[in-house]
Amino acid sequence: MRYVLKKTATTLATLLVVSLLLFVAFQLISGDPATHILGTGATPERLAALRAELGLDQPLPARYLMWLTAFARGDAGVSYVYHQSVSSLLSAKVPVTFALAAMSFVLMCAIGLPMGIACAKHAGSPIDRAVMVANQIIMAIPPFFAGILISWAFGMGLHLFTPGGYVSYETSVPRFLGYLVFPAVAIALPRAAQLAKLLRGSLLEEAGKNYARTAYSRGNNTNGVLYGHLLKNAFLPALTFLGMSLGTMLAGSLVVERVFNIPGISSILLASIGNRDYPVVLATVMLIAVFIIFVNLLVDILYKVLDPRIDEE
Amino acid sequence: MATTRTRSLLARIPNPRLFCAGALIMLAVITLIVIGMVWMPYEPTAMSPDRLQGVSAAHLLGTDKMGRDILSRVMYGSRITFLVALGTMAIGAGFGILVGAVTGYYGGIVDEVVMRVTDGLFAFPTVLLALVIVSLFGSSTLNVMWALGIAFVPSFIRVARSEVIRCKHLDYVKNARLMGVRDARVIFVHILPNVSGVIMSNVMIGFNNAVLSEAGLSYLGIGSQPPYASLGQMISEAQEIFFTVPSAVLGPGMVIVLMVLGFSLMGEGLRAAEGRMA
């Protein structure tokens with residue numbers, strides 16, 4: 001319990017540091033929001049009035065607190081370009097991107113974990129060596145290139161789906177998920193290959209330790225040692241990797257959404273970067289950061305559950 | 001003489017076959033880039049009426065929808081990708097190792113603050129962090145290199161810091177300090193060369209990630225601006241003509257894959273062999 005509290009405190013500290021860094025960076029670079037909203041031709045009186053309305057006449061720490069509390073309530077300001085609230089711009093798109101990332105994550109585990117275990121079990125066999133070489137190649141393929149190849153092979157070749165024929169989750173959830181499978185595979189494959197390699201290596205390292213030999217001497221067969229003894233210990237490095245993967249999958253979604261014409265946050269984020277629409281960029285990045293930081297907390301707690309020995313260093 | 005020396009060096013590599021395969025691939029990619037610096041079949045931005053040509057003797061990888069020679073563009077684009085990745089590593093590893101080694105060595109409140117910031121930044125995926133930086137400073141090839149470089153700093157801070165902390169209580173470091181060696185010399189002359197293996201393997205992994213990140217960013221249209229395209233951008237432009245001229249996508253795509261594969265196979269070859277289940 002003390003561990004959980006301590007980790008929660010560090011998480012909150014990290015969250016504060018990240019939000020402060022982002023806020024200050026965007027404040028320093030982005031210039032005066034009032035000029036952005038009203039344009040350069042606005043009268044000084046109107047600019048001053050808007051600044052007072054937005055709270056821009058306050059000192060920086062006060063503005064940071066205002067922004068942070070508003071963000072926590074779901075209010076991320078108004079877009080300079082679209083003149084509507086950032087939350088209304090993002091609300092329909094965020095679930096799409098997160099669904100794609102989540103599906104990629106599930107696929108990565110479904111492919112990577114069994115493959116890693118199987119390769120460790122048959123380490124040194126021709127199949128293991130072939131899989132490991134194949135993994136090395138798969139890791140070198142960027143997801144967007146894999147995505148193009150997949151939409152060519154499965155979309156145009158096998159007619160399993162229509163590239164560009166995205167179906168909204170509001171229309172049909174099964175068809176929405178069905179369309180997402182293909183981009184999810186493109187995002188998941190290189191990470192699954194990495195996961196398999198990591199788990200295989202970590203299992204083999206555990207297999208060389210004394211407790212594994214003892215487990216064998218007590219009459220366990222390979223499966224008994226593997227699943228009963230090694231897996232739990234070997235899984236710890238994989239857990240760290242899984243935690244970091246969620247962030248990578250979100251970043252991967254940003255790129256792959258474009259390959260498959262998926263209306264997630266990628267298009268609006270890139271358009272906003274091009275338009276210097278800072279409130280949208282800041283809100284999107286902050287949202288992803290909060291998510292990733294909380295995932296890290298979850299990983300830390302799971303780590304403790306799996307290995308109670310890690311404690312306050 | 002030279003052959004025996006080479007042979008003894010190769011013998012020390014745990015998996016020489018993988019290492020050589022990787023080295024050959026890397027050599028091929030670098031040759032393509034170096035030739036491209038001296039000579040290209042066509043000017044990479046020169047348009048011609050021969051649009052959307054397939055593979056032929058005149059255009060080994062065909063032409064794109066503006067009639068530009070794809071092989072020449074691949075040669076030019078791989079140069080950009082390669083140089084951006086090299087620059088990224090120079091910035092990321094340079095700053096990261098410096099900061100990580102110094103804060104790890106001295107510890108204290110500065111170290112604590114640096115670690116908090118590093119943890120915060122480390123939580124970000126590289127591409128996202130680079131997007132933030134590019135959105136603040138504008139999108140150009142040089143900015144992408146700086147953005148990716150900065151995005152890679154936290155990982156190198158972590159590695160260098162933990163390695164220096166591991167070594168600073170070892171006897172040879174204590175001995176050096178007792179003999180009155182200055183701190184800077186202890187860090188950079190005594191400790192860092194001893195941990196260079198760990199750091200080098202991180203540089204190799206980092207280079208691959210840099211290539212993949214640059215490709216992803218330029219696919220999104222961030223980085224080098226048309227008509228001078230890097231590989232990711234070529235793929236993005238060629239996606240719609242994939243069925244007419246497949247080589248327009250496959251050419252630059254394969255170069256990215258080979259560039260990453262070469263280094264990762266070399267790294268794999270250097271790793272010690274693992275055990276197996278009894």
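Hydrogens, waters and symmetry mates play no part in the numbers below; they use all other heavy atoms, side chains included. A note on names: the letters A, B, ... follow the listed sequences, proteins ahead of strands, and every chain is numbered from 1.
Looking only at heavy-atom pairs under 4.5 Å with chain A, the residue among Leu258(B), Val113(B), Leu250(B) that has the most is Leu250(B). Comparing Phe137(B), Phe243(B), Phe263(B) by heavy-atom pairs within less than 4.5 Å of chain A, the highest count is held by Phe243(B). Among the candidates Val134(B), Asn208(B), Val249(B), Val211(B), the residue making the largest number of heavy-atom pairs closer than 4.5 Å to chain A is Val249(B).
Heavy atoms of Met249(A) lying under 4.5 Å from chain B are absent altogether. Of the atoms belonging to Val255(A), heavy atoms from both backbone and side chain fall under 4.5 Å from chain B. Within the 4.5 angstrom heavy-atom criterion, no atom of Leu15(A) approaches chain B. Both the backbone and the side chain of Ile141(A) come within contact range of chain B, each with at least one heavy atom under 4.5 Å from a heavy atom of that chain. For Leu254(A), the parts lying under 4.5 angstrom from a heavy atom of chain B are both the backbone and the side chain. Heavy atoms closer than 4.5 Å to chain B are found nowhere in Val256(A), neither backbone nor side chain. Proximity to chain B involves both the backbone and the side chain of Arg258(A), based on heavy atoms less than 4.5 angstrom apart.
Inter-residue side-chain proximity for Tyr219(B) and Phe145(A) is flagged as unmet; no heavy-atom pair is nearer than 4.5 Å. Using a 4.5 Å cut-off on side-chain heavy atoms (C-beta onward), Leu128(B) and Leu250(A) make no contact. Side-chain contact check for Glu268(B) versus Lys197(A): some heavy-atom pair is nearer than 4.5 Å. Side-chain atoms of Thr248(A) and Val127(B), non-hydrogen and from C-beta on, never get closer than 4.5 Å to each other. Between Pro142(A) and Val257(B), the closest side-chain pair of non-hydrogen atoms falls below 4.5 Å.
Between Ala251(A) and Pro125(B), the shortest heavy-atom contact is CB-CB, 3.6 Å.
For CG of Leu158(A), the number of neighbouring non-hydrogen atoms (other residues, nucleotides, ligands) closer than 6.0 Å is greater than 12. Summarising the local packing, CZ of Phe294(A) is surrounded by 12 or fewer heavy atoms from other residues, nucleotides or ligands at distances under 6.0 Å. Around CZ of Phe95(B), the count of heavy atoms belonging to other residues, nucleotides or ligands within 6.0 Å does not exceed 12.
Contacts between residues 127-137 of chain A and chain B, counted as heavy-atom pairs separated by less than 4.5 Å, involve Gln136(A), Ile137(A). Residues of residues 281-288 of chain A placed with any heavy atom under 4.5 Å of a heavy atom in chain B are listed by number as Val281(A), Val285(A), Ile288(A).
With values rounded to the nearest 0.5 angstrom, Ser272(A) atom OG is found 11.5 Å from Leu131(B) atom CG. Between the CG atom in Leu220(B) and the CD atom in Glu257(A) there is a gap of 10.0 Å [rounded to 0.5 Å]. Note that CD of Gln194(A) is 10.0 Å distant from OG of Ser264(B), once rounded to the nearest 0.5 Å.
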